[in-house]
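Throughout, a chain's letter reflects where its sequence line sits, starting with A, and its residues are numbered from 1. All values below were derived from every heavy atom in this structure, side-chain atoms included, with hydrogens, water molecules and symmetry-related copies excluded.
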Amino acid sequence: MSYTMIEKFLKFRVPLFLSFLFIFPLIFPSYYTYVFSLIGIYCFQTLSLNILAGITGQLSLGHAAIMAIGAYTTAILSNKFGIPLLLLIPISGLFTAIIGFFIGLPCSRMGGIYLAIATMAFGFAVPEICLKWDSVTGGYSGLRIKQPHFFGFVEDYIALYYLIFLFLILFLWISHNLIASKTGRAFISIRDNEVVAESMGVNLPFYKVLGFVISTFIAGVGGCLYSFLVGFVSPYDFNFWLSIYFLIGIVVGGMGSISGSIIGAIFITLVPQLTSGYKHLPQMILGALLIVSLIFLPKGLAAIPSLFNKKR
Amino acid sequence: MLLQNIFIGIYVGSLYALGGLCFVIIFKTSEIINFAQADMTMLSMFVAFFLLESLNLPYYAVFFFTIVFAGLLAGFIQNTLVRSMAGKPHLSIIIAIFGVALIINSLTGWIWGPSTRALPAPYATAITKVGNFTVYGSDLLAIIVAFFFMTALYLFLEKTRFGMAMRATFQNRDAARIMGVPTHIIDAVSWIISGILMGVAGLFITPLVYLDLTSISEFMIKVFAAIILGGMNSFIGAVLGGLILGVSSNLVAFYISTELKSTFIFFIMITVLFIRPTGLFGKKEIKKI
């Protein structure tokens with residue numbers, strides 16, 4: 001394969017990839033579709049965290065809790081009120097975004113390390129609440145969600161797969177445009193140097209809270225689709241280590257880049273899946289990958305193509 | 001009864017204080033939080049368990065070797081990981097420390113498995129009664145040992161030459177280097193001291209919370225709350241924050257509800273972070289562009 005052939009391939013990578021995603025579940029067995037759907041869900045979370053941490057520079061160590069809010073909201077509303085899936089997606093997203101707003105308000109006043117600790121505390125507090133408020137959240141044993149039924153000529157799990165990727169692609173496209181917009185530039189300026197951003201007229205609290213709201217909305221939708229995909233939510237699914245996994249995802253994939261979120265989500269889903277026989281191996285691998293990434297590839301795997309540019 | 005609860009609060013609080021000092025000493029030296037402290041301590045406790053159960057060493061030997069191990073582990077991580085990330089932004093180092101925590105956690109789980117172990121309390125059997133007031137020997141010993149180490153740390157920092165070098169590094173790292181202070185050695189020593197203190201705290205808290213993959217982390221969250229309350233860059237803050245948190249959370253647990261104990265601690269942590277992030281005794285950082 002010559003260099004120009006690779007270049008041509010890369011030019012059409014988006015439509016090629018989308019076509020691959022489209023026909024994927026129709027040819028591969030259902031287990032692979034499930035894994036891909038899970039990658040899609042985690043991609044919501046890495047995208048969400050990337051917007052907050054990678055682009056706006058607000059490091060959140062509690063993103064599993066935010067996903068939990070979306071997932072539990074969906075589970076509770078679906079079970080108790082029978083609200084259909086398609087309505088639950090915006091509802092969970094909005095509810096999570098509202099909570100994100102209230103987290104973002106005080107967090108916007110805090111600097112780096114305190115923000116990390118506050119979000120970490122939040123990340124511990126939410127599963128505690130889910131555990132203790134058992135009248136609503138089912139407590140220790142969690143909640144089961146009825147699998148959705150789709151009217152159409154594909155099977156339910158395939159329809160869910162399409163739905164997940166439909167929304168994911170929508171959010172990816174929105175995020176891509178967001179970064180290029182005035183808001184995105186404000187976010188990036190906050191990440192790079194808050195004091196300078198403020199002196200250039202960027203309204204810090206407004207944009208920080210906006211970052212929280214957008215990020216938590218996406219994570220909430222991801223959580224909603226998660227509960228439909230997996231069919232079960234429990235407090236222990238959304239523990240602190242999951243937040244760290246998301247962090248590993250964006251660090252290894254590339255902080256602040258859309259493709260980095262995708263790569264990161266693939267990593268954090270596939271590594272546990274491929275090593276599922278060995279109980280503690282995925283954590284060791286991901287932990288090691290995190291450290292190696294930080295030392296040798298701080299911009300993540302998504303930055304590799306740009307390394308090739310330099311060699312020209 | 002109130003006095004009894006306050007006593008237990010001081011007992012737990014002094015362990016929070018000891019743990020808090022570990023974080024503060026590393027934070028003051030290099031402005032990073034050692035989030036892997038919980039898992040490092042957990043590993044040290046499993047080593048203690050191994051020394052006690054498999055090698056059948058007497059407790060005082062186990063105590064000594066465990067804190068030496070904890071110190072060496074901390075020093076090792078500092079020397080390999082933290083030093084190799086010397087020029088990178090603080091946030092990257094903190095994230096890398098999470099990676100270390102993850103690795104240590106999974107390694108420990110892999111070697112020792114998921115079942116819960118128990119460590120005996122030092123001097124467990126002595127119980128004295130003073131009127132209505134029951135004093136468990138192990139609790140009192142914990143308070144005495146904790147304060148012994150806190151005093152030792154204070155004397156080390158205030159009265160020795162090396163301690164003075166450390167205090168110089170706390171105040172202004174670059175100025176200290178220019179004056180000839182070997183900051184790389186100070187870094188390593190601060191981590192080692194942190195490890196030792198954490199080993200001591202761990203050996204006293206583990207008999208209470210038992211040893212599995214999450215119990216030390218749960219203890220560590222409370223230590224976090226203590227240093228947030230007290231202020232992350234203040235030794236006094238760590239001690240007082242730990243004691244206040246220990247006593248108050250214990251009183252809440254007894255008089256209101258044991259269920260609400262951890263909720264109360266989160267509430268304190270979040271309130272302090274929102275109102276006064278630098279804590280009771282912390283100093284506000286002034287950033288230079």
Side-chain angles (χ1 to χ4, degrees), chain A residues 53 57 59 61 103 105-107 109-126 128-129 131-133 191 193-196 199 236 239-241 243-245 247-248 250-252 255 278-296 298, chain B residues 27 31-33 35-36 80-81 84-85 88-111 113-114 213-214 217-218 221 224-225 227-228 232 259-260 262-263 265-275 277-279 282 284-285 287-289:
Chain A
L59 182 66
L61 298 175
I103 304 173
L105 270 182
C107 282
R109 303 198 312 148
M110 291 184 227
I113 187 64
Y114 297 105
L115 175 71
I117 295 182
T119 49
M120 188 174 79
F122 179 73
F124 282 118
V126 167
E128 277 272 314
I129 296 176
L131 191 62
K132 302 225 161 120
W133 200 15
R191 174 193 70 193
N193 195 323
E194 268 186 32
V195 182
V196 173
S199 62
Y236 303 103
N239 55 38
F240 176 66
W241 290 121
S243 300
I244 299 292
Y245 274 32
L247 189 61
I248 294 178
I250 66 170
V251 169
V252 169
M255 277 180 98
Y278 307 91
K279 196 151 186 276
H280 293 282
L281 199 55
Q283 286 116 304
M284 284 194 243
I285 294 180
L286 286 174
L289 274 178
L290 177 66
I291 297 175
V292 165
S293 249
L294 281 166
I295 297 180
F296 297 109
Chain B
F27 187 72
E31 275 190 23
I32 55 184
I33 303 245
F35 280 111
T80 49
L81 181 73
S84 61
M85 297 191 71
K88 313 247 174 189
H90 285 320
L91 228 44
S92 297
I93 304 182
I94 292 176
I95 299 177
I97 289 176
F98 280 118
V100 174
L102 192 54
I103 295 179
I104 294 182
N105 190 303
S106 45
L107 203 66
T108 312
W110 182 51
I111 300 179
L213 293 174
T214 57
S217 313
E218 285 168 17
I221 299 173
F224 264 130
I227 59 171
I228 300 272
M232 281 196 289
E259 283 283 300
L260 288 183
S262 38
T263 316
I265 293 179
F266 283 131
F267 175 72
I268 295 262
M269 187 149 77
I270 294 179
T271 313
V272 174
L273 279 170
F274 289 171
I275 299 179
T278 45
K284 264 204 171 135
E285 276 174 42
K287 270 199 184 146
K288 273 190 180 168
I289 303 178

Beyond-backbone contact of [X] with [Y], side-chain heavy atoms, under 4.5 angstrom:
X	Y	answer
F27(B)	I227(B)	no
I117(A)	M232(B)	yes
Q283(A)	W241(A)	no
M120(A)	F240(A)	yes
I103(B)	I291(A)	yes

Item to complete: For the pair F35(B) and F224(B), name the ring-plane relationship: parallel under 30°, tilted 30 to 60°, perpendicular over 60°.
Response: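 Judged by the thresholds at 30° and 60°, the geometry between F35(B) and F224(B) is tilted.
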Please flag which part of [X] lies under 4.5 Å from any non-hydrogen atom of chain B: side chain, backbone, both or neither.
X	result
M284(A)	both
L61(A)	side chain
P298(A)	side chain
I248(A)	side chain
I295(A)	both
L294(A)	both
Y278(A)	neither

**OP:** Could you tell me whether F274(B) atom CZ has more than 12 heavy atoms of other residues or ligands within 6.0 Å of it?
**Re:**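 Enclosed: over 12 neighbouring heavy atoms sit under 6.0 Å from CZ of F274(B).
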Which region of [X], side chain (C-beta onward) or backbone (N, CA, C, O), has a non-hydrogen atom less than 4.5 Å from a non-hydrogen atom of chain A, or is it both or neither?
X	answer
I104(B)	neither
L91(B)	side chain
I275(B)	backbone
V100(B)	both
A101(B)	both

Review point. Do you know which two heavy atoms are closest between M269(B) and A121(A), and how far apart they sit?
Key: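 For M269(B) versus A121(A), the nearest heavy atoms are CE-CB, 3.3 Å.
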Closer than 3.5 angstrom, by distance alone: can the side chain of S293(A) be matched with the main-chain N or O of L290(A) as a donor-acceptor pair?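 Side chain of S293(A) to backbone of L290(A), a donor-acceptor pair under 3.5 Å: no, none is there.
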- Task: Among I270(B), I95(B), I33(B), single out the residue with the greatest number of heavy-atom pairs under 4.5 Å to chain A.
- Result: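 Answer, by heavy-atom pair count under 4.5 Å with chain A: I95(B).
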Count the heavy-atom pairs under 4.5 Å between each of I94(B), L81(B), N105(B) and chain A, then report the option with the highest count.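 Greatest number of close heavy-atom pairs with chain A: N105(B).
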